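Computed from a predicted structure; not experimentally measured.
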Amino acid sequence: CYCLGPGDALISSSRLLLTFLKKQSPVYLAGGWNVMDVRDAAEGLLLSYEKGELNQRYLLGGVNQTFADFFQVAADVTGIAAPKIKLSGHAARSAALLGERFLPSMGLDRQSAWIAERHWYYDDSRARKELGFSTRPLEETVRVATVWFAEHGYARLPQKLR
């Protein structure tokens with residue numbers, strides 16, 4: 001899954017949130033993802049070490065949601081308008097090709113478009129049941145990550161969070 005939260009200095013999983021905060025996300029793609037707080041991921045790893053069964057695997061995840069739903073959560077938390085235009089199929093691939101060549105700062109390239117057209121959903125019910133794994137609300141994660149990005153100069157703090 002994708003982890004959001006404080007400390008993502010390499011902008012690995014947080015690129016989507018950061019481009020949103022910079023108001024560089026005029027569109028969203030048709031897919032979805034499983035997203036969680038990085039602090040919950042760390043806690044889940046500790047739980048698997050402490051409570052996990054030997055030779056068992058535990059999938060840690062957060063919430064499965066469409067990109068449209070994610071942007072709405074981010075909009076509710078930050079006060080920044082969510083993108084209104086949905087791209088799918090051929091339009092997404094064409095936009096990605098143009099983005100690679102003419103607007104690389106937008107973060108939409110062919111690989112990202114391929115990923116974002118699909119639903120990357122996961123079932124972590126085993127970890128929740130056997131390890132007692134849980135995750136915090138995504139709204140909290142988006143708020144904390146946004147403040148961290150602002151404090152470290154990656155984006156401006158939205159007016160709603162001042």
**Student:** Val27 and Phe20: same hydrophobic cluster, using ILVMFWY side-chain contacts below 4.5 Å?
**Tutor:**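 Result: no, two separate clusters.
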
**Student:** Any chance you could measure Leu131, atom CG, to Glu53, atom CD, to the nearest 0.5 Å?
**Tutor:** 9.0 Å

**Student:** Have Thr146 and Thr78 got a donor and an acceptor in their side chains that come within less than 3.5 Å?
**Tutor:**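 On atom types as modelled, these side chains do not qualify, holding no pair under 3.5 Å.
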
**Student:** Looking at residues at least two apart in the chain, or sitting in another chain, which of them share a side-chain contact (heavy atoms from CB on, under 4.5 Å) with Gln111?
**Tutor:**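 Counting only residues at least two positions away or on another chain, Gln111 forms a side-chain contact (heavy atoms from CB on, under 4.5 Å) with Asp109, Ile115.
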
**Student:** Among all residues two or more places apart in sequence or in another chain, which pass the side-chain contact (heavy atoms from CB on, under 4.5 Å) test with Arg162?
**Tutor:**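 Arg162 satisfies side-chain contact (heavy atoms from CB on, under 4.5 Å) with Arg156, Leu157, Gln159 only.
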
**Student:** Running the 4.5 Å side-chain criterion over Ile, Leu, Val, Met, Phe, Trp and Tyr, what cluster does Val144 land in, apart from itself?
**Tutor:**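 Traced through the cluster, Val144 reaches no other member.
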
**Student:** Can you give me every donor-acceptor pair (side chain of residues 40-50, partner residue at least two apart or in another chain, under 3.5 Å) with its distance?
**Tutor:**
from  : atom 1 : to     : atom 2 : distance (Å)
Asp40 : OD1    : Arg136 : NE     : 3.0
Asp40 : OD1    : Arg136 : NH2    : 2.9
Asp40 : OD2    : Arg136 : N      : 2.9
Asp40 : OD2    : Arg136 : NE     : 3.4
Ser48 : OG     : Leu45  : O      : 2.7

**Student:** Determine which pairs satisfy salt bridge (Lys or Arg N to Asp or Glu O under 4.0 Å) with at least one residue from residues 71-88, sequence neighbours left out, and list them in order.
**Tutor:** none

**Student:** To the nearest 0.5 Å, how far apart are OG in Ser13 and CG in Leu18?
**Tutor:**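 Going from OG on Ser13 over to CG on Leu18, the span is 12.5 Å.
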
**Student:** My understanding is that only residues two or more places apart in sequence, or in another chain, count here; which of them pass side chain to side chain donor-acceptor pair (under 3.5 Å) with Asn34?
**Tutor:**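 For Asn34 the side chain to side chain donor-acceptor pair (under 3.5 Å) partners, ignoring immediate neighbours, are Asn64.
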
**Student:** Please check if Leu4 and Trp120 belong to a single hydrophobic cluster, counting links between Ile, Leu, Val, Met, Phe, Trp and Tyr side chain heavy atoms closer than 4.5 Å.
**Tutor:**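 Same hydrophobic cluster.
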
**Student:** Below 4.5 Å, heavy atoms only, C-beta onward: do Leu161 and Pro158 meet side chain to side chain?
**Tutor:**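 Yes, side chains in contact.
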
**Student:** Does anything in residues 87-103 form a salt bridge (Lys or Arg N to Asp or Glu O under 4.0 Å)? List the pairs, not counting sequence neighbours.
**Tutor:** Arg93-Glu117, Glu100-Arg110

**Student:** To the nearest 0.5 Å, what is the distance between OG on Ser14 and CG on Leu21?
**Tutor:** 9.5 Å

**Student:** I need the minimum non-hydrogen distance between Leu16 and Thr19, along with the two atoms involved.
**Tutor:** O-OG1, 3.0 Å

**Student:** Are the side chains of Glu140 and Arg39 in contact, using a 4.5 Å heavy-atom criterion?
**Tutor:**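 Touching, per the 4.5 Å side-chain cut-off.
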
**Student:** Hey, is the main chain of Ala127 close enough, under 3.5 Å, to the side chain of Asp124 for a donor-acceptor pair?
**Tutor:** no

**Student:** Would you check, one step at a time, whether the test side-chain contact (heavy atoms from CB on, under 4.5 Å) holds for Leu59 with Arg126?
**Tutor:** CA-CA 7 Å; Leu59 184 63; Arg126 177 188 219 175; over 6 Å; no

**Student:** List in chain and number order the residues that pass side-chain contact (heavy atoms from CB on, under 4.5 Å) with Ala113, two or more places apart in sequence or in another chain; answer none if no residue qualifies.
**Tutor:**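 Partners of Ala113 under the side-chain contact (heavy atoms from CB on, under 4.5 Å) test: Leu29, Ala96, Leu108.
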
**Student:** Do you reckon Val35 sits in the same ILVMFWY cluster as Val77, going by side-chain contacts under 4.5 Å, direct or chained?
**Tutor:**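 In one cluster: yes.
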
**Student:** Of all the heavy-atom pairs spanning Arg128 and Gly61, show the shortest one and how long it is.
**Tutor:**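 Shortest heavy-atom contact: NH2-O, 3.6 Å.
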
**Student:** Evaluate Ile11 against Tyr154 for side-chain contact (heavy atoms from CB on, under 4.5 Å), listing each step before the verdict.
**Tutor:** CA-CA 10 Å; Ile11 317 301; Tyr154 290 92; 3.6 Å; yes

**Student:** Please list, chain by chain and in numerical order, all residues satisfying ring pair (Phe, Tyr, Trp, His ring centres under 6.0 Å) with Tyr122, sequence neighbours excluded.
**Tutor:**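 Listed in chain order: nothing, the list is empty.
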
**Student:** Quick check: are there more than 12 heavy atoms from other residues, nucleotides or ligands sitting under 6.0 Å from NZ of Lys23?
**Tutor:** no

**Student:** Mark yes or no for whether Thr66, through its side chain, and Asp69, through its backbone, hold a donor-acceptor pair below 3.5 Å.
**Tutor:**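 Looks like yes, one N/O pair under 3.5 Å.
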
**Student:** Does Tyr121 have its ring centroid less than 6.0 Å away from the ring centroid of His119?
**Tutor:** yes

**Student:** Taking ring pair (Phe, Tyr, Trp, His ring centres under 6.0 Å) as the definition, give me every residue that meets it alongside Phe133, ordered by chain and number, with sequence neighbours left out.
**Tutor:**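 Ring pair (Phe, Tyr, Trp, His ring centres under 6.0 Å) check on Phe133 returns nothing, list empty.
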
**Student:** Taking atom SG of Cys1 and atom CG of Leu60, what is their separation to the nearest 0.5 Å?
**Tutor:** 7.5 Å

**Student:** Quick test of your reading: applying ring-ring contact (aromatic ring centres under 6.0 Å, His included), list the pairs with at least one residue in residues 23-43, sequence neighbours left out, ordered by first then second residue.
**Tutor:**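 The answer is Tyr2-Trp33, Trp33-Phe67, Trp33-Phe70.
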
**Student:** Please report the shortest heavy-atom distance between Gly5 and Val38, naming the atom on each side.
**Tutor:**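 Scanning both residues, the minimum pair turns out to be CA-CG1, 4.1 Å.
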
**Student:** Between Met36 and Val63, does the side-chain contact (heavy atoms from CB on, under 4.5 Å) criterion hold? Intermediate values first, please.
**Tutor:** CA-CA 7 Å; Met36 68 186 298; Val63 60; over 6 Å; no

**Student:** Might you point out which heavy atoms bring Leu17 and Phe149 nearest each other, and give the distance in Å?
**Tutor:** CD2-CE1, 4.2 Å

**Student:** Could I get the full list of ring pair (Phe, Tyr, Trp, His ring centres under 6.0 Å) partners for Tyr58, not counting sequence neighbours?
**Tutor:** none

